[in-house]
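Position 1 is the first residue of the sequence, and the numbers go up from there.
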Amino acid sequence: MHSLLRAAFIVTALGSLGACVTDERTEFTQNMALYGSNPYIEAAHVKDLERRIEKIVMADRMIGPEYQTRFDPRNKAILDNFKDLYDHNDLMANMALTRVDYETAVTSLYPVIGSETGCDVTNKDGYFFNRDDEPTRFDWQFVKGSCENGLAHGVGRLQAAQSDAMFVGEFDHGMMTNGIFTMKRKDGSRTTQIGGIPVENRNARFLTTLSRTDGYQSHLYGDFNNRGQFDGFAMNIWGYVNLLHVHQVGQYKEHKLEGFGAKQIKRDYADGSIWNVWIGFYHDGSLNGWGAWSNTANGTSIGEWKNGALNGVVYSTDLDAGNMMHSFDVGTYVKGKRHGAFHTTTHGVFGESEAVIAYDQGDRVDSPGSDFDFGKIIALTAGAVAIGSADIDATSMAEIGGAFAMDVLGDTGGSNMQNLQSAYNSRLSNLSQPISNNSGSTGSSTGTSTVAGEKLNEFDTTITCPDTGVTSDITIPYRTEACRVAALDFAKTFSCNKTDQERVVQNCQRACGHPQCLEQ
């Protein structure tokens with residue numbers, strides 16, 4: 001019966017996200033702010049779910065001693081979806097009372113207690129949440145308080161006959177209605193219950209907290225029936241020494257989520273694990289109907305669920321950090337797998353693209369009616385990473401990127417890049433019509449050319465990149481020896497994609513009066 005509480009006792013190592021996951025999440029949230037919402041979402045109820053999950057994702061999960069006593073941004077963002085269903089300040093005040101000794105908490109709640117004795121308590125079946133092997137009902141003895149016609153009425157204090165359990169609270173003609181309860185358990189931990197007292201045919205809202213000797217706490221708050229089950233609005237909070245973690249929150253029926261609710265559960269990710277969040281409409285403890293999910297690092301899915309699996313129309317947002325792509329799509333899932341056509345919009349270094357991609361039971365297949373090739377996008381992005389990492393001017397970067405894109409998308413065999421390389425060689429040599437052409441493997445400078453009516457010397461050489469073994473023959477025009485040396489350094493650096501390109505550009509400017517060593 002009390003598996004809900006036992007789950008709350010499980011202590012897992014929180015740890016911190018790896019640096020790569022943290023960087024990925026940063027890029028994902030930045031892209032969410034930059035590109036906005038999924039453009040395929042039109043229905044108001046879907047937009048509402050997207051807004052809710054995005055707020056949760058954008059809120060940071062923070063760990064520290066201060067978050068033992070207040071919720072961090074991520075967990076508070078989850079609770080904010082239910083702020084109309086409970087009094088948050090009242091909850092926090094009661095949680096604070098569970099961290100002080102019992103008599104201090106009693107004085108805070110009930111500063112005045114009557115002095116009458118011998119009053120009777122009529123609801124001996126009042127329920128107090130506990131483990132299966134600990135008492136949940138007590139043979140209460142009235143200690144002192146206020147009475148009316150021999151029955152406890154007003155504020156009174158009780159002591160349990162069979163344990164050290166104590167209760168101070170409010171009575172209505174012998175019936176316990178509200179108060180603070182405590183008892184020490186066999187393992188040395190202590191339970192504290194603050195709020196209403198459920199009895200047969202009457203649920204009550206209260207906070208019950210388990211305080212372990214090592215400082216960990218577990219908080220269950222909400223509407224309970226007299227069998228110790230959540231029955232109405234409730235939340236399950238794991239109270240670490242450095243974080244208040246919302247495990248589940250929402251509408252319950254006999255301790256299972258039933259209605260609008262949210263869960264936060266750790267799942268494997270990369271070489272570690274990360275907290276995933278689900279929010280939406282539940283039946284029998286699982287998402288059934290419209291809901292939203294995120295791993296809070298690189299993806300969200302908003303759509304229809306059946307028995308906890310995506311099943312129906314689904315709108316997704318995903319980050320491919322390695323290839324610098326942020327995509328939106330919409331399509332159908334069957335039993336948790338993509339099935340059918342998915343419309344996709346991708347934002348990357350080459351701009352925005354749209355496509356239709358087909359899936360069969362989760363496997364990607366060729367898409368009839370679409371010439372879009374996702375593999376080409378991967379190739380484009382990989383090339384963009386290399387081009388973008390080169391320290392060259394924006395115009396050259398755009399030229400190279402455009403030629404590369406035309407080769408990939410057009411299956412040209414690299415002709416555009418070859419033509420561009422020839423143009424770069426020609427630009428580098430800056431020759432109008434060579435007078436002579438002597439070439440050698442080690443380089444020679446016997447030729448001349450005419451530029452703007454004046455002759456330039458030529459230097460023919462072969463460059464071999466040490467990392468790749470790629471060899472290229474080039475001709476370098478120059479007028480001064482200083483410019484020839486700088487131009488040769490420039491050619492080797494850019495041909496082999498070395499990292500010190502800013503240095504050679506500066507040298508060209510100084511020696512030749514031009515950042516690409518094009519001496520006039």
Side-chain angles (χ1 to χ4, degrees), residues 1-2 4-5 8 85-87 90-91 93-95 97-98 102-103 105-114 116 119-132 134-185 190-211 218-237 252-255:
M1 179 182 296
H2 302 312
L4 185 67
L5 183 61
L85 299 176
Y86 77 107
D87 187 323
D90 184 62
L91 170 63
N94 286 343
M95 288 174 65
L97 291 177
T98 67
Y102 181 70
E103 291 304 327
V106 167
T107 301
S108 176
L109 291 173
Y110 303 105
V112 178
I113 301 175
E116 296 181 67
C119 303
D120 194 15
V121 178
T122 59
N123 60 336
K124 303 289 186 179
D125 62 341
Y127 185 90
F128 296 88
F129 199 98
N130 239 323
R131 281 182 177 173
D132 290 332
E134 301 278 4
T136 58
R137 293 175 173 84
F138 300 86
D139 181 13
W140 291 110
Q141 306 297 315
F142 190 86
V143 178
K144 67 175 184 176
S146 300
C147 303
E148 184 175 297
N149 299 324
L151 297 176
H153 188 73
V155 177
R157 177 187 292 269
L158 304 181
Q159 176 73 47
Q162 73 271 42
S163 71
D164 72 341
M166 294 179 287
F167 174 85
V168 176
E170 303 165 37
F171 295 81
D172 181 13
H173 295 96
M175 295 284 295
M176 290 182 289
T177 60
N178 198 79
I180 178 170
F181 158 90
T182 191
M183 71 163 286
K184 188 175 181 180
R185 290 176 165 165
R190 180 164 292 277
T191 185
T192 304
Q193 180 172 314
I194 303 175
I197 313 299
V199 295
E200 188 176 359
N201 299 322
R202 188 188 76 189
N203 291 354
R205 177 167 293 191
F206 60 81
L207 168 71
T208 180
T209 298
L210 170 72
S211 300
S218 175
H219 306 278
L220 302 179
Y221 169 81
D223 301 323
F224 289 81
N225 59 29
N226 73 329
R227 299 182 302 281
Q229 299 172 323
F230 281 156
D231 204 358
F233 172 75
M235 63 181 73
N236 183 348
I237 301 166
Y252 283 78
K253 181 178 181 181
E254 296 183 344
H255 103 182

Non-hydrogen side-chain atoms of L220 and L207 separated by less than 4.5 Å: no
Smallest separation among heavy atoms of P198 and A204, with atom names: N-CB, 3.5 Å
Check against side chain to side chain contact (heavy atoms under 4.5 Å, CB included), K144 and E116: CA-CA 5 Å; K144 67 175 184 176; E116 296 181 67; over 6 Å; no
Side chain proximity check, F142 to L158, heavy atoms < 4.5 angstrom: yes
N226 side chain vs Y127 backbone, donor-acceptor pair below 3.5 Å: no
Any side-chain donor near an acceptor of the partner, Q229 and Y252, under 3.5 Å: no
Test log, rule side chain to side chain contact (heavy atoms under 4.5 Å, CB included), inputs T191 and T209: CA-CA 6 Å; T191 185; T209 298; over 6 Å; no
Sidechain-backbone polar pair: H153 side chain, H173 backbone, donor-acceptor under 3.5 Å: yes
Distance in Å, T177 OG1 paired with E170 CD, rounded so as to fall on 0.5 Å steps: 5.0 Å
Minimum heavy-atom distance between G156 and I113, given as atom pair plus value: CA-CG2, 4.4 Å
Contact check, side chains of L109 and L97, non-hydrogen atoms, under 4.5 Å: yes
Main-chain N/O of F230 paired with E254 side-chain donor or acceptor, under 3.5 Å: no
Any donor-acceptor N/O pair, R137 side chain to D125 backbone, under 3.5 Å: yes
Heavy atoms of other groups near D164 CG, more than 12 under 6.0 Å: yes
Distance-minimising heavy-atom pair for M176 and G126: CE-CA, 4.5 Å
T122 (side chain) donor-acceptor with G174 (main chain) under 3.5 angstrom: yes
I237 vs Y221 side-chain heavy atoms within contact, under 4.5 Å: no
Donor-acceptor under 3.5 Å (R202 side chain, I197 main chain): yes
Backbone of M235 reached by a side-chain donor or acceptor of Y86 within 3.5 Å: no
CA sep, side-chain torsions, deciding dist, call: D223, D231, side chain to side chain contact (heavy atoms under 4.5 Å, CB included): CA-CA 5 Å; D223 301 323; D231 204 358; 5.6 Å; no
Over 12 foreign heavy atoms within 6.0 Å of CD, E200: no
From S163 atom OG to K184 atom NZ, the distance as rounded to the nearest 0.5 Å: 12.5 Å
Side-chain donor or acceptor of T192 paired with backbone N/O of T98 under 3.5 Å: no
Short N-O contact, R157 and E103, less than 4.0 angstrom: yes
Option among F206, F224, W140 that satisfies the ring pair (Phe, Tyr, Trp, His ring centres under 6.0 Å) test with F128: W140
Residue pair P135 / M183, side-chain heavy-atom distance below 4.5 Å: yes
Trace of the side chain to side chain contact (heavy atoms under 4.5 Å, CB included) decision for Y102 with V168: CA-CA 10 Å; Y102 181 70; V168 176; 3.7 Å; yes
Flag, side chain of D87 to backbone of D90, donor-acceptor distance under 3.5 Å: yes
Heavy-atom side-chain contact between I180 and I194 under 4.5 Å: yes
Distance-minimising heavy-atom pair for A160 and F138: CB-CD2, 3.7 Å
Pair N130, R185: side-chain N/O donor-acceptor within cut-off below 3.5 Å: yes
Side-chain (N225) to main-chain (R227) donor-acceptor, under 3.5 angstrom: yes
Heavy-atom closest contact (G114 atom, S146 atom, distance): CA-OG, 4.0 Å
Contact summary for G228 and F129, nearest pair of heavy atoms: O-CE1, 2.9 Å
